[in-house]
Amino acid sequence: KVAEPIYRQARLLGILRAKRRISYNHDEDDIRWRVRYVRRRPEVITGPVVSTPFLAPVRHKTAVLDWRGYALGEYILPIEQLKGRTKETALPRLLDDIVRSVIEDFELFISEILYKDGNTAEQHLHGLESMFGTDNTSMVEPVLNPNDTYAGLSTVIGAYGGTIKGNWPVGSFTSEAIFWTPLIEKWNDNRFKRNPNEEATWENNGEKAIRYCTTWLWANQSVQPDVIIMHPDMLRQLKDSLTPYRQLQVTPKSPIVDLGIQTVQFDGLELVDDPNCPVDTAYVLSTNKMELMSMQSELIHVHQDIDRYRTKTLFFDFYGNMRIESPAFLGKLVKVT
């Protein structure tokens, strides 16, 4: 048996797999989808119907992402193939061990980059951080001002028109103003403290901060998140903050639990800890608005060949990207110092 202290479970990738949010065999030139951002309201009829304004039906913006690719290579020298060659199972067993190990490494890598910013020079796939950039402006509410570009569209409030009344996110906004705007919350704001004399730690602020985020995602976008994924130390602190009369319950059954990832429940949400998640950060996810898209029939494809020196080569690759229907369906809880 091989000990693997270097291996960490691919949590976010596992969640997408459990929720059936991975799709295959895409062959489009790019990832392109239409986003409805305009809603119209009927007007009171006060005279002849012909007085009602007629407008051209321009209700959509087009979001576009390109494809991203990654590769790993492995080889087996002829001398390794000669060892134990009298046993029919020697080479198949060696191949199976190599393929299993490399695919685990590849899946862990994908789970790590699912948090990355795909707009940077590293050309990562468009992970969660691709849409949560801010201009660090101080806001009236305990949130940060979104200032990023995702799939070619700006996340800035009001970038595509609309009306804004009040403070983000608790004011009144037409759909045009916030259809592409994520909720980026400062969880260590003093207003989330349970007691004014306490420090603004996650242990003291976590419950209120989560409820604030889920409330305004529902109020502004009518989405009810199903998963919150956070750094393991944040889940520990959240557990420590509860009394014997208020405890997080282990989820008895869900697609994520069925895959082997233990979760706990809070206000109907599944809380998951992931070592790959940035420190002091939690993401509030609506997984039915997320899709990891692969151009191949499997997430990681294995190609085998033998060169003229009888070296067996194995080539592993992934071509795809992650698509979020709109950043406005997600929230991020972050510590601001």
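Keep in mind that this is a model prediction, so the values were computed, not measured.
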Value rounded to 0.5 Å, distance of CE in M290 from CD1 in I324: 4.0 Å
E122 versus T120, side-chain donor and acceptor atoms under 3.5 Å: yes
Where F329 and V223 come nearest, the two heavy atoms and their spacing: CD2-CG1, 3.2 Å
Contact check, side chains of S175 and Y160, non-hydrogen atoms, under 4.5 Å: no
T287 and D226 side chains, donor-acceptor separation under 3.5 Å: yes
Cluster overlap Y319 with I113, hydrophobic side-chain contacts below 4.5 Å: yes
F109: ring-ring contact (aromatic ring centres under 6.0 Å, His included) partners, not counting sequence neighbours: Y70
same_hphob_cluster(Y24, I15) at 4.5 Å side-chain heavy-atom cutoff: yes
Check: N205 side chain, W187 main-chain N or O, donor-acceptor pair, under 3.5 Å: yes
Sub-4.5 Å side-chain heavy-atom contact between N188 and K186: yes
Set of residues satisfying side chain to side chain contact (heavy atoms under 4.5 Å, CB included) with respect to T174, sequence neighbours excluded: T163, E176, A177
Side chain proximity check, V257 to T263, heavy atoms < 4.5 angstrom: yes
With H301 via ring-ring contact (aromatic ring centres under 6.0 Å, His included) - residues at least two apart: H303
Hydrophobic cluster membership, L114 vs W67, 4.5 Å side-chain cutoff: yes
Nearest heavy atoms of V284 and C213, plus distance in Å: CG2-SG, 3.7 Å
Donor on one side chain, acceptor on other, E270 and S254, under 3.5 Å: yes
V99 vs E74 side-chain heavy atoms within contact, under 4.5 Å: no
